[in-house]
Every structure is written in C-alpha cells, then in structure tokens.
Amino acid sequence: MRRSLVVGNWKMNGTLASAEALAKGVIAGLSPSSADAAICAPYVFLPKLQDLVKGTNLALGAQNVADKESGAFTGEISAAMLSEVGCKYAIVGHSERRTYYGDTNESVAARFCQALSKGVIPILCIGETLEQREQDQTFAVIDEQLAAVINAAGIAAFAGAVIAYEPVWAIGTGKTATDEQAQEVHHYIRQYLAAKDQTIADNMQILYGGSAKPDNAKGLFAMPDIDGGLIGGASLDADSFLKICHSV
Ligand code: PGA
C-alpha cells in the first residue's frame, strides 16, 4: 500500500519570520491521520526550519539541487549541503526551472542522480504544456522526460524517488486538471514504469501538482493512481495546506 504524501512548494515567497510562522502552523495542525507532509522552502530558510521540524511529522525539502557534486559552480547548492541541513527531499525538474532557467531533461537527470547519491529523495516533476496537450503530445513528452532520467539513473533508482505530474498549463493558473485528466496521465506514468519494473511501479508515489486546493484535493486524491500532491500557492497558508493534507 502506497502512503500518501503532500508536499508544499513555497517557491520564492516569504520572509524568515513568515516561513517560521507558516511551518509552526503546519506542524501544529498535522495529525496521525494526515498524509505524510513536507515543505520545500527557499534555501536560506532551511537551517532555521531544520530546527523547527526536528522531531515532528513535517519533513523538509529544497526546490532544486545542483547537477554537480561540488566545486566551482557559483550560486549552486549541492545535495550534500541539502542533506546537512536536514532535507529529506529535493524537487528536480520543476517546470519553472525548465522554462525560466534552462533546465533540460539531461540536467534534470543529473540533479536527480546527485540527490540520490547523498540520500536526498528527488521529487521529479514532469508534465506537458498546453500547446503540447492540444497537439496530443502529452504522452510523448512524459516518455521523453522519464526516459532521460531512467537512462541516466537506471530504473532501480526510482525506488528512492517520488514523481510529480504537473501539467504546466495548470500551475499557478487556477486551472486544475480534472480528476479524470490527471488520473489518465498518472496511470500512464505507472504503466510506463511497470513495463520496466512492476514492483517499482506499484510502490511509486506519483503526486499531482497544478492549482491543487482544499476544494479539489479530495477528488484528485481519490483517484487510484494519485498518491498526493505537490502544492504551490495553497501551501503558503497553513490552513489550506493542512486541509489538503487531511484530504487523503
Ligand atoms: P500551484 O503550483 O499549486 O500554485 O499551481 C504547483 C507547483 O508549481 O508545484
């Protein structure tokens, strides 16, 4: 049985004080019946948040990780550094990274491998743009994004990973995929993995992301292949994030 997981992606928002208040609010509201929960915070808030989440049910993550181990890579943050500040997870391949900062399938694969090598669980984001969906390329895009990482890391590596399906047209737009649209792609992803390794596919947590909110989370999470969510906007408010955590 797969456990449900809800991950907040705070993106580039907040202050140190607001981040602490938000984390405290989330910690206070989590209950044993909630989904497993994590917050992916801006890098500079991580050390402070590490202290706050210690001994609680809330796990910590980063929003990206370097594609190299260490060295002269100005501005980058390595997987070892994330591990040192208590990160259990690191998002890799978020569409905002792919769109605005030039992350490619290959560099995403390298980030994925770096995270794994230091015991940080990569949350691999994949998903199509509106244009790609309208041209019936959704599955081809998913194939390509998954293949790049499987070729680099090997299918066995996915035992230590999480996948987030995030249709780009649904991120931050208020346009959520319908339960059926999301399920269709989640099922496709699981079948794709199953063709390579049935056990990995059966155990893979596949999260949905893209305008997930308290009022649509229940329907999405009830779908057989949706194991939780990667939550952007709605994770910036403790109450709405907690409602989503309680929707599993
Ligand atoms: P959103 O973002 O929930 O604000 O659409 C999701 C994400 O980008 O991970």
Side-chain angles (χ1 to χ4, degrees), residues 4-14 18-19 22-23 26 35-43 45-46 58-65 87-103 108 111-112 115 120-130 132-133 138 141-142 145 149 161-179 181-183 185-186 189 205-221 223 226-248:
S4 300
L5 174 65
V6 176
V7 180
N9 175 11
W10 289 359
K11 309 193 181 184
M12 195 174 73
N13 289 295
S18 73
L22 180 52
V26 172
D36 289 346
I39 46 170
C40 292
Y43 288 134
F45 299 161
L46 293 172
L58 183 62
L60 197 56
Q63 298 169 17
N64 195 12
V65 59
C87 283
K88 180 173 181 184
Y89 298 101
I91 297 173
V92 300
H94 190 280
S95 72
E96 285 150 18
R97 300 292 324 171
R98 295 179 190 259
T99 306
Y100 306 137
Y101 300 99
D103 285 14
V108 170
R111 294 173 201 283
F112 181 99
V120 176
I121 298 171
I123 301 176
L124 171 65
C125 296
I126 55 177
E128 81 288 359
T129 63
L130 184 57
Q132 289 164 334
R133 173 163 283 262
T138 299
V141 170
I142 297 289
Q145 291 175 334
V149 183
V162 172
I163 292 175
Y165 168 58
E166 298 207 302
V168 179
W169 48 272
I171 296 177
T173 58
K175 241 189 253 171
T176 325
T178 64
D179 302 344
Q181 277 175 324
Q183 165 60 23
V185 182
H186 280 238
I189 294 167
Q205 288 173 310
I206 308 177
L207 314 183
Y208 169 80
S211 298
K213 307 238 162 0
D215 57 3
N216 58 29
K218 235 190 183 86
L220 287 162
F221 295 173
M223 292 287 140
I226 301 182
D227 306 308
L230 181 56
I231 317 298
S235 73
L236 295 173
D237 175 78
D239 280 347
S240 70
F241 184 66
L242 285 165
K243 278 192 186 123
I244 297 172
C245 293
H246 295 140
S247 297
V248 295

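Each ligand, and each atom within it, is numbered from 1 in the order the structure gives. Everything numeric here is computed off the predicted structure, so don't read it as measured data.
- By the 30° and 60° cut-offs, the orientation of the rings of Y165 relative to H186 is perpendicular.
- Summarising the contacts of atom 1 (P) of ligand 1 with S211, C40, G229, the nearest heavy atom is found in S211.
- Of all atoms in ligand 1, listed by their number and element, those nearer than 4.0 Å to a heavy atom of G210 are 5 (O).
- Distances below 4.0 Å separate heavy atoms of G172 from the following atoms of ligand 1: 1 (P), 4 (O), 5 (O).
- Using a 4.5 Å cut-off on side-chain heavy atoms (C-beta onward), V65 and V120 make no contact.
- Heavy atoms of H94 come nearer than 4.0 angstrom to ligand 1 in at least one pair.
- What sits closest to atom 3 (O) of ligand 1 on the protein, heavy atoms only, is G232 N, 2.9 Å.
- Using a 4.0 angstrom heavy-atom cutoff, G209 does not count as in contact with ligand 1.
- Residues satisfying the side chain to side chain contact (heavy atoms under 4.5 Å, CB included) test with K213, not counting sequence neighbours, are S211, D215, N216.
- In this structure, A170 has a heavy atom closer than 4.0 Å to ligand 1.
- Near K11, the atoms of ligand 1 lying under 4.0 angstrom from a non-hydrogen atom of the residue are 2 (O), 7 (C), 8 (O).
- For the pair I39 and L22, the minimum side-chain heavy-atom distance is 4.5 Å or more.
- Take C40 and apply the side chain to side chain contact (heavy atoms under 4.5 Å, CB included) test, not counting sequence neighbours, and it matches V7, Q63, I91.
- The CG atom of N64 sits 10.5 Å away from the OH atom of Y101 when rounded to the nearest 0.5 Å.
- Not a single heavy atom of A234 sits less than 4.0 Å from an atom of ligand 1.
- The protein atom (non-hydrogen) at minimum distance from atom 4 (O) of ligand 1 is G233 N, 2.8 Å.
- Contact detail for A164 and I123: the closest heavy-atom pair is CB-CG2, 4.1 Å.
- Interface of L230 with ligand 1, defined as ligand atoms under 4.0 Å from a residue heavy atom, comprises 6 (C), 9 (O).
- Only the side chain of N9 comes within 4.0 Å of ligand 1, judged by heavy-atom distances.
- Per-residue contacts place E166 under 4.0 angstrom from the following atoms of ligand 1 (heavy atoms of the residue considered): 6 (C), 7 (C), 8 (O), 9 (O).
- A 4.5 Å side-chain heavy-atom check between I126 and R98 finds at least one atom pair inside the cut-off.
- Considering only heavy atoms from C-beta on, S4 stays 4.5 Å or farther from D227 through its side chain.
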